[in-house]
Structures are given as C-alpha cells and as structure tokens.
2 protein chains.
Amino acid sequence: MAADASDAPRAWQSVLEHIEAQLLEGRLRPGDRLPGERALSTELGVGRSSVREAIRVLEVLGLIRTQSGSGPSAGAIIISTPGGGMSALMRLQVAASGFPVADIVRTRLILESSVAGDLADATPAPDLTAADRLLDAMDSPTLAPQEFLALDAAFHLALAEASGNQVITATMAGLRSGIEGYALQGLAALTDWHATSARLRIEHRGIVEAIRATDAASARTRIHDHISGYYAETFIDPARTPTT
Amino acid sequence: MAADASDAPRAWQSVLEHIEAQLLEGRLRPGDRLPGERALSTELGVGRSSVREAIRVLEVLGLIRTQSGSGPSAGAIIISTPGGGMSALMRLQVAASGFPVADIVRTRLILESSVAGDLADATPAPDLTAADRLLDAMDSPTLAPQEFLALDAAFHLALAEASGNQVITATMAGLRSGIEGYALQGLAALTDWHATSARLRIEHRGIVEAIRATDAASARTRIHDHISGYYAETFIDPARTPTT
DNA sequence: TCCGTCTCTGTGGTCTGACCACACGTGCTA
DNA sequence: TAGCACGTGTGGTCAGACCACAGAGACGGA
C-alpha cells in the first residue's frame, strides 16, 4: 500500500525492494553477507551510487552492518539491531518537531507500565540480574549525573529486555534516544541532584521489589509514578510547542 | 549516544549531524527547504554523493520530501510523517526476522488497549467521526477482504489519531505495516470470511460504544479481545520462529 | 619446517564530472 | 494580452577513478 513503487520506482527503491524480497523469501538471513556493491549494481542494472543509497538506508535502519576491508567479516552483513534504527528515527523526528516530547513521555509511561506488570505476572520469574547489576552500579556515589542517567536508561531498557518483547525493547530504546537531549537539559533544572538521585534509586529498587513480589499492580503504579515524577521535576515546561 | 561520531565519522554521517543540529537549533523547521545538494556538498566539504546518502536516509525516515524540477515546491522540503519511516523500519525488521510477529501483536495489544482506555477517559469527548466514517464504509457488503482489512487498519489508526498521541499513531502505523504481509496471508486461513467480517464489524461498533460510554475498562477489554481473537483465528502458528 | 613479512586482491568510502528529466520563470512572439 | 519557447536550477542517475583497509596467499629467511 501507498507510494512505495506506485508510479516512479526510483533506482535505490528497486534495490531496497530487491533486498526486502530476498529477506522475505529467506534467501537472505541474519548473518548473511549482501553481494558486493559493484555486483549488486551490475546485477540490478543500476549505478553503484544507487546501490549505496539503499545500503545506507538499511544501515541506518539497523538491518545491516558494513565493514571495509576483506575477509569473512567484510562487506554488508545482515544484523538486526532495531534499536539503532528506532533511535535515529525518534531522535530526528523530535528534532524536526514531528514528535512532541510529551507524546514520547506518555508512550513511555504506557509501555513501561505494561512491561513492569507483565514482568510481575510472568510465570517463570523473569531474569532480572542485568537490572540488578545496573542498580548496584547506580549506587556508586562517584557517578556524574550523566553517567547516572545513562545507567538509568540502561536499567529501564533491561526491564524491557527481560520481558522478551523485542519490539518494545527497540521502541523504548528509541523513545529514550528521542528525549535524551531534553533529559540532559533537564538536568540543569534540578535543584538538588543528590536528593533526586537518591529518590530515583529508591524508586528503582521498589519497582524491582514489586516485580519480584509478583505484585503487578504495584509494579505498574511504581514505574508510572517514577517516570512521570522525574519528568515533572525536570521539564519546566512540559507543554512544549505542540505539533505545528 | 554511542557510536555516532565516535571514531570514524563518515561523510554522510557528518551531513546528517549537520542537518540534525540545524533542526535542533530551530534554523530548519518543518516546511523549510534544505539547501541544494550541490550547495550542501560544497558547504560541508563532502562529495555530493555523500550528501545524497544523508538525504536518502532523511527521506526514508519520513523527515523530508524530495521533488525534482524548479520552483518553490522543488528540492528537499522538511515534512514530518513519522508513520512512513516507522513503517519502513518495522516492515524491514520483520523481513529480516529482527522483529517476531508475535512481539508486534503483543505491542499492538498494549498500545491499542491503552488508547481505547484513554479515549474513554478523555474529558473532552474525543472526536470519533473519522472512525465512524470508516465503520460505515466497512458495512458495505461489496468489499473485498483486502479492502476490508485496509479499512480495518485505518479504523484502528483513527482511534490512535483521536488520542492525539503522534508517537503512538506513528508506531501503530508501523506495527501494522510490519505484519501486513502476514495479515494478508492469514486471510487464506479463514474458513468463513463472511462470518469473520461480520464479527469484526460488531466488535468495532462495540469498541466505539464503550468509548462513547466512557467505560474505559470495557473499551480496553473489547479491543484487546478483538485483536487477539483475530490473530488467533488467522495465524495458524502464532509461535513463529523466534529471534535470530 | 616454521614463522614473519610482503604483496595482491577485493571490500566499502568517497569524490568528481557528466548527463538526464523535470518544472518553474522569464521573455519573446503573435 | 495570451500563448509558447527557452533558459535555469533542481533532484536522479550513472560512470569512473582513487583511497584506506583487512584478509589471504606467496615469499623468503631463520
């Protein structure tokens, strides 16, 4: 549907479609190497620059990883790191004011609350060792605020990963990237970083405790309040310029 | 942040960063035109092909729209259609088995349930005329299954739009695109399309009714059952090959 | 025989220059 | 004044060239 190859299939789009078709047929799988740019160029009858534009798109979208040189690890290799593409998308859309920050925060609230509740309800108790390790790291008193925030983001991401839902994990990584700039700016709005970080640490522990206690309702509430509270504290003006 | 410009900033990345910086500074806003490719090339000291690769990325991500020719509508114009980029991302990630279909469906369940509940709770009653119109269109008995599915997707999207959250709207558009191929395949698995479509119509009406009745709990349950029921019916094997 | 070095080859990364189709503006023409 | 032809600048594409890089194999010395 839509304006993909409707009337004027551009050269790079045909390359993209060719690769997508091969992926769908299973002739290309994660770990495989794409043909060389020159080979693809002659094979599809387009210029090498058009092939490169398609390759570039795939790379930004997190589908492939390119590597110069020679050998088995060189070339364009199919990986699947959706988080990268999602991050680029969210970051740029926020920059272009296509995504209001408030909407991103709301989406985070929805997804993270759901994740926390699901983790608490999960029948085989989820593996939270990664989250625990991050919480321990955040207890270090010598952390710079930026380092703390990075660990904080990793903690939330670890919860998503523990839920096993890769779509949510990638989306949350992207959401985080989209508002990272604002989070760093908001740092300056905090009057007492020491108190704030201490509160965040306590809230984090509380979230994990609620999950371990299989108290889904509490886990949802705690993470919801945790996120909304933090943004209420840092964003002086949460009602930023809306969409155009 | 991470491996953006860590050690080897590639030429096209510098172009991307330059444009992103201009967006963040507000020197580029939606509706503006980017400098010409040749101008950007000389301005940034990179080749035109590198500029084009960056432009291509922005285009696929839904940030800009390119137009040949001359005049005020020609060139690369900044738009913000996040749905397009999200769709491409989801579609390709699914093709590369980076996103399990089951995870996409689960994410849909979470987002749509939340949207329905929020719509029911919204203090100024949300505008559901678009959704109503789509439901009316779906009552036409001459619709082909594909047409019905397209309207169905539009209906769900209309609900997201009514919620006013652009991030969720774009994400849902992407999720839908990612599983569109499977939805069309699943059509063949239906034994009685007539009965299924009739049930879907009834469920849709019920969802809207619950929203109008400001019954958030019912709205959540109805849309949750609606989606999960449909996928249970069409996907013969919902436990598809997991990751990698 | 073994091991270090050396070149050779193929990869992506980049730049340059060229041509094309297109659409708007301009200015000429009838 | 109305219509049309041309110039101009745009993105779209291609071809060719060069570079840096990394592996693979050949080569030579110990």
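A note on names: the letters A, B, ... follow the listed sequences, proteins ahead of strands, and every chain is numbered from 1. Any value given below was found using the heavy atoms of this structure, including those in side chains, with hydrogens, waters and symmetry copies removed.
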Visitor: In whole angstroms, how far is the C1' atom of D/dG12 from the CZ atom of B/Arg65?
Guide: 16 Å
Visitor: Closer than 4.0 angstrom, basic N to acidic O: yes or no for A/Arg65 and A/Glu59?
Guide: no
Visitor: Closer than 4.0 Å, any side-chain N/O of B/Ser50 to the OP1 or OP2 of C/dG13?
Guide: no
Visitor: Which listed nucleotide (D/dG11, C/dC24, C/dC15) is nearest to the side chain of B/Ser49?
Guide: C/dC15
Visitor: Taking any heavy-atom pair under 4.0 Å as a contact, classify A/Gly69: base, sugar-phosphate, or nothing.
Guide: base
Visitor: What's the CD1-P distance between A/Ile64 and C/dT11, to the nearest Å?
Guide: 15 Å
Visitor: How many Å lie between CZ on A/Arg48 and C1' on C/dG10, as a whole number?
Guide: 11 Å
Visitor: Is the phosphate of C/dG13, meaning OP1 or OP2, less than 4.0 Å from a side-chain N or O of A/Thr66?
Guide: yes
Visitor: Can you identify which nucleotide, out of C/dG10, D/dT13, C/dT14, has its nearest atom closest to the A/Ser70 side chain?
Guide: C/dG10
Visitor: Toward the 5' end of DNA chain C, which comes first, B/Arg38 or B/Val46, by nearest nucleotide?
Guide: B/Val46
Visitor: Check this one for me: any side-chain N or O of B/Arg56 less than 4.0 Å away from OP1 or OP2 of D/dG11?
Guide: no
Visitor: Would you check if there is a donor-acceptor pair between the side chains of A/Ser163 and B/Arg106 at a distance under 3.5 Å?
Guide: no
Visitor: Take the protein atom CZ of A/Arg10 and the nucleotide atom P of D/dC14, then report the distance between them rounded to whole Å.
Guide: 13 Å
Visitor: Round to the nearest Å and state the distance from B/Leu40 atom CG to D/dG9 atom P.
Guide: 18 Å
Visitor: Specify the separation, in whole Å, of atom CD1 of A/Ile55 and atom P of C/dG12.
Guide: 7 Å
